[in-house]
Amino acid sequence: MATVCVVGSGILGLAVASCLLEKTNVNIVIISDDFPHESPHDLKYSPFFTSPWAGAHFRPFPSVTEFDQRHVDYTRATFGHFKKLAAFEPQEETSIRFLEGTDLVERGHPNFEYYSELKQGYREEIEDFVVNDWEHGFSASYKTWVLNAPFFLSYLFKKLRSNPRVSLKQAKLNTLREAFTENAAKNDQRADLGANGYNYVFNCTGLGLQMNGGWDPACYVIRGQTLLLKVPSGPHLQKTVTHQSKEGQWTFFIPRPLSNPESPTEDYVILGGTKEEKDFDSGSPRSQDSLDILTRADRLFPELKDAKTGHFQVIQPNVGFRPSRKGGVRVEREKVPDVENSFVYQCYGAGGMGYELSFGVAFAVLNLFLDDYNQ
């Protein structure tokens, strides 16, 4: 039985490992310098381990760029997988919930026509899609999913960790080549390791760790800041809404299932957000960013404010660095030229769409692996 190596334990790494566990008989080792925490309520994560900070919902989009159609396909595959999980797994474990999503795109937005003319990729395979009347521009509603990012990571992680075919190694690799070396496989007694290490390596490192060190030059970070809110009960907890202004600002709220430890039926809400490209300046929350988000939300989503005080009840601000890539998420197979019979499967650069793309990307990269493994 072969042993494969997954480098990275964010949402893409755990999705790939989960597919390998379900669809193959290989042993799996996951190498990462960060792993999800035992408790999904423990939010003491580095902003560079981005997956726990995500709002995590699905929002369809029209194809504007060349890589958008690939992303559309990945999101639909993920949607189908989440429907299966929601049908067969308890929600208190996965946290997945299906509800209504709504888009509000102001007239004058750079991509307004792509939405209003329902360009390719926007409504295909989307359930309960309805165009709404909205005086300020275009609006549509549809069936979508939301989830609690820390809960879902813990769910995947615990299933992997408890399986005897999976082992975990907490380590920081400086080069991807280290995964192919003897040191990476040291003390791993399972059969069919390569002469020097693992012959099949899945590179799920966010910014694309390179063979000889450094990161994929096509990758960059997008600093994102959101706020976790306690909100009053109401119909807003049964939907997620995304507003795009004509200036290109995004303002959204996403119910976070099972997030309120005081009441399992009254969720907290993720309110966002910011998108600051190539901004590595601060992993700490910026008060001005929080104020800007709340100012926009006061105009757009006043129903989220506390009825007694008239103010938003902020539980905490969140900051994460979304690992993005020019040309979209990378899903490719490469033969390692100087390591015999060895392959690397590139799976990184999802930006702020990690959860939306997750299992669609994982299924795609799994097929690339099976083409090699079954030969």
Side-chain angles (χ1 to χ4, degrees), residues 1-32 35 70 73-74 76-78 80-81 84-85 156-157 159-169 171 173 175-206 208-212 216 325 328-350 354 357-375:
M1 185 185 297
T3 298
V4 305
C5 177
V6 177
V7 184
S9 66
I11 182 56
L12 291 191
L14 296 187
V16 168
S18 297
C19 288
L20 287 165
L21 187 63
E22 180 181 352
K23 305 291 187 181
T24 75
N25 64 353
V26 300
N27 290 318
I28 305 159
V29 60
I30 305 173
I31 301 176
S32 181
F35 283 105
R70 285 193 300 115
D73 294 340
Y74 295 148
R76 301 314 194 260
T78 301
H81 184 70
K84 291 179 182 178
L85 287 181
L156 295 178
F157 182 62
K159 287 183 77 96
L160 289 163
R161 185 193 56 199
S162 63
N163 194 290
R165 287 168 46 206
V166 179
S167 66
L168 310 173
K169 294 188 178 183
L173 301 185
T175 71
L176 193 63
R177 187 175 300 279
E178 293 172 38
F180 293 94
T181 65
E182 183 179 2
N183 185 57
K186 188 177 181 180
N187 299 323
D188 195 329
Q189 303 301 314
R190 292 174 296 191
D192 276 353
L193 291 175
N196 297 313
Y198 302 104
N199 283 48
Y200 304 102
V201 172
F202 295 80
N203 184 10
C204 306
T205 55
L209 183 64
Q210 300 294 280
M211 285 297 292
N212 296 315
D216 183 337
R325 181 175 177 272
V329 64
R330 187 178 183 194
V331 179
E332 293 181 38
R333 160 209 182 268
E334 292 184 326
K335 192 174 188 311
V336 182
D338 51 352
V339 184
E340 185 178 359
N341 297 321
S342 294
F343 301 88
V344 58
Y345 304 92
Q346 310 287 10
C347 185
Y348 60 80
L357 301 174
S358 58
F359 277 86
V361 165
F363 294 142
V365 81
L366 174 67
N367 288 334
L368 296 177
F369 163 71
L370 291 175
D371 287 343
D372 295 321
Y373 183 64
N374 291 331
Q375 286 184 359

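Residue numbers start at 1 and run along the sequence shown. It should be emphasised that the depicted structure is a prediction, and the values quoted were computed from it without experimental measurement. We use all heavy atoms of the structure for the numbers below, so side chains are in, but hydrogens, waters and symmetry mates are not.
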Side chain to side chain contact (heavy atoms under 4.5 Å, CB included) assessment of Phe35 paired with Ile30: CA-CA 10 Å; Phe35 283 105; Ile30 305 173; 3.9 Å; yes
With sequence neighbours excluded, what pairs up with [X] under the side-chain hydrogen bond (donor to acceptor under 3.5 Å, both in side chains) test?
X	value
Thr78	none
Ser9	Ser32
Glu332	Arg330

Where is the tightest heavy-atom contact between [X] and [Y], given as atom of each residue plus distance?
X	Y	answer
Leu12	Cys347	CD1-O, 3.7 Å
Tyr348	Val329	O-CG2, 3.3 Å
Asn203	Gln346	ND2-OE1, 2.8 Å
Ile31	Ala171	CG2-O, 4.0 Å
Gly13	Val6	O-CG1, 3.7 Å

Val344 side chain reached by Phe180 side chain, heavy atoms, under 4.5 Å: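 Phe180 vs Val344: side chains touch.
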Non-hydrogen side-chain atoms of Thr24 and Tyr373 separated by less than 4.5 Å: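 No, their side chains stay 4.5 Å or more apart.
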Pair listing, salt bridge (charged side-chain N to carboxylate O under 4.0 Å, His left out) test, anchored in residues 4-21, at least two apart: none
Sequence neighbours excluded - salt bridge (charged side-chain N to carboxylate O under 4.0 Å, His left out) pairs with any residue from residues 362-375: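 Output for this query lists Arg333-Asp372.
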Aromatic ring pairing Phe369/Tyr200, orientation class (parallel under 30°, perpendicular over 60°, tilted between):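 Judged by the thresholds at 30° and 60°, the geometry between Phe369 and Tyr200 is perpendicular.
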In Å and rounded to the nearest 0.5 Å, what is the [atom1] to [atom2] distance from [X] to [Y]?
X	Y	atom1	atom2	result
Cys19	Leu366	SG	CG	6.0 Å
Met211	Leu176	CE	CG	5.5 Å
Leu209	Thr175	CG	OG1	6.5 Å
Leu370	Leu20	CG	CG	8.0 Å
Lys23	Asn367	NZ	CG	9.5 Å
Ile28	Tyr198	CD1	OH	12.0 Å

Looking at residues at least two apart in the chain, or sitting in another chain, which of them share a side-chain contact (heavy atoms from CB on, under 4.5 Å) with [X]?
X	result
Asn163	Leu21, Arg165, Val166
Ala15	Ser358, Phe359, Ala362
Asp338	Arg177, Val336

Set of residues satisfying ring-ring contact (aromatic ring centres under 6.0 Å, His included) with respect to Phe363, sequence neighbours excluded: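 Once residues adjacent in sequence are excluded, the partners of Phe363 under the ring-ring contact (aromatic ring centres under 6.0 Å, His included) criterion are His81.
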Which residues share a salt bridge (charged side-chain N to carboxylate O under 4.0 Å, His left out) with Arg76, sequence neighbours left out: none
By salt bridge (charged side-chain N to carboxylate O under 4.0 Å, His left out) - contacts of Asp216 (at least two apart):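 Asp216 satisfies salt bridge (charged side-chain N to carboxylate O under 4.0 Å, His left out) with Arg325 once adjacent residues are dropped.
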Val331 and Tyr74: CA distance, side-chain angles, deciding distance, side chain to side chain contact (heavy atoms under 4.5 Å, CB included) verdict: CA-CA 11 Å; Val331 179; Tyr74 295 148; 3.7 Å; yes
Gly208 backbone acceptor or donor facing Gln210 side chain under 3.5 Å: yes
Worked verdict on Leu168 versus Leu160 for side chain to side chain contact (heavy atoms under 4.5 Å, CB included): CA-CA 9 Å; Leu168 310 173; Leu160 289 163; 5.7 Å; no
